[in-house]
Amino acid sequence: MSDSLERLYQAVLAAKDLDPATSRTAKLFQRGPAKMAKKLAEEAIEVVIDAVNGKTDAVVRESADLLYNLTVLWASAGVRPEDVWREMGRREDLLGIAEKLPKSAVKLPKAAGAPATRRRIVALEGRSFRKRH
């Protein structure tokens, strides 16, 4: 699977500077990270709805869309697939392959370049979110 995502990532990089009138990828890059994030969220919601409704074929199709949009957002953010694989390997070494890192309770070593404090949520496409205290 990582080979497929690597090929997709390379295709996204190759398409980002094409004509936005003919390339969905170039159009997303032209619209910026907020639009990319919105598309990613929309696809994630579609996967969830189809899974809850037991629509296996739709889950497969929407998951492919989700991975595409995730890859576009990675490319925009300067994240490479190998960065994600490295983090997954780090987590597997700490907790096992199926585990998600705990939110608290256990102090884990920080990844290189990880922010020391929690980041604020920023507004997406004109919507504002209040910072919670």
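Looking at N53, its side chain never comes within 3.5 Å of a backbone N or O of K55 through a donor-acceptor pair. Judged by distance alone, with hydrogens and angles left aside, the side-chain atoms of D83 form a donor-acceptor pair with the main-chain N or O of R80 at under 3.5 Å. In this structure, the side chain of S23 does not engage the main chain of P20 through any donor-acceptor pair within 3.5 Å.
V60 and L5 are assigned to two separate hydrophobic clusters, defined by single-linkage of ILVMFWY side chains at heavy-atom distances under 4.5 Å. Linking Ile, Leu, Val, Met, Phe, Trp and Tyr whenever their side-chain heavy atoms come within less than 4.5 Å leaves L28 and L18 in two separate clusters.
Considering every non-hydrogen atom in both V47 and S63, the closest pair reads CG2-N, 3.6 Å. Nearest heavy-atom pair across M36 and F29 is CE-CA, 3.4 Å. Contact record, V59 with A51: CG2-N, 3.4 Å, taken as the closest heavy-atom pair.
One finds no salt bridge joining E82 and R86 here, because no Lys/Arg side-chain nitrogen approaches an Asp/Glu carboxylate oxygen to under 4.0 Å.
Partner of R90 under the side-chain contact (heavy atoms from CB on, under 4.5 Å) criterion, chosen from M88, E92, E87: E87.
For I45, the side chain to side chain contact (heavy atoms under 4.5 Å, CB included) test picks out I49, with sequence neighbours left out. Every residue meeting the side chain to side chain contact (heavy atoms under 4.5 Å, CB included) condition with D57, not counting sequence neighbours, appears here in chain and number order: R61.
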N/O donor-acceptor pairs under 3.5 Å from side chains in residues 65-74, not counting sequence neighbours:
residue	atom	partner	partner atom	Å
Y68	OH	T25	N	3.3
Y68	OH	T25	OG1	2.7
N69	ND2	D65	O	2.9
T71	OG1	L67	O	2.7

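Between E43 and E62 there is a side-chain heavy-atom pair separated by less than 4.5 Å.
Between the NZ atom of K27 and the NZ atom of K39 there is a distance of 9.5 Å, given to the nearest 0.5 Å.
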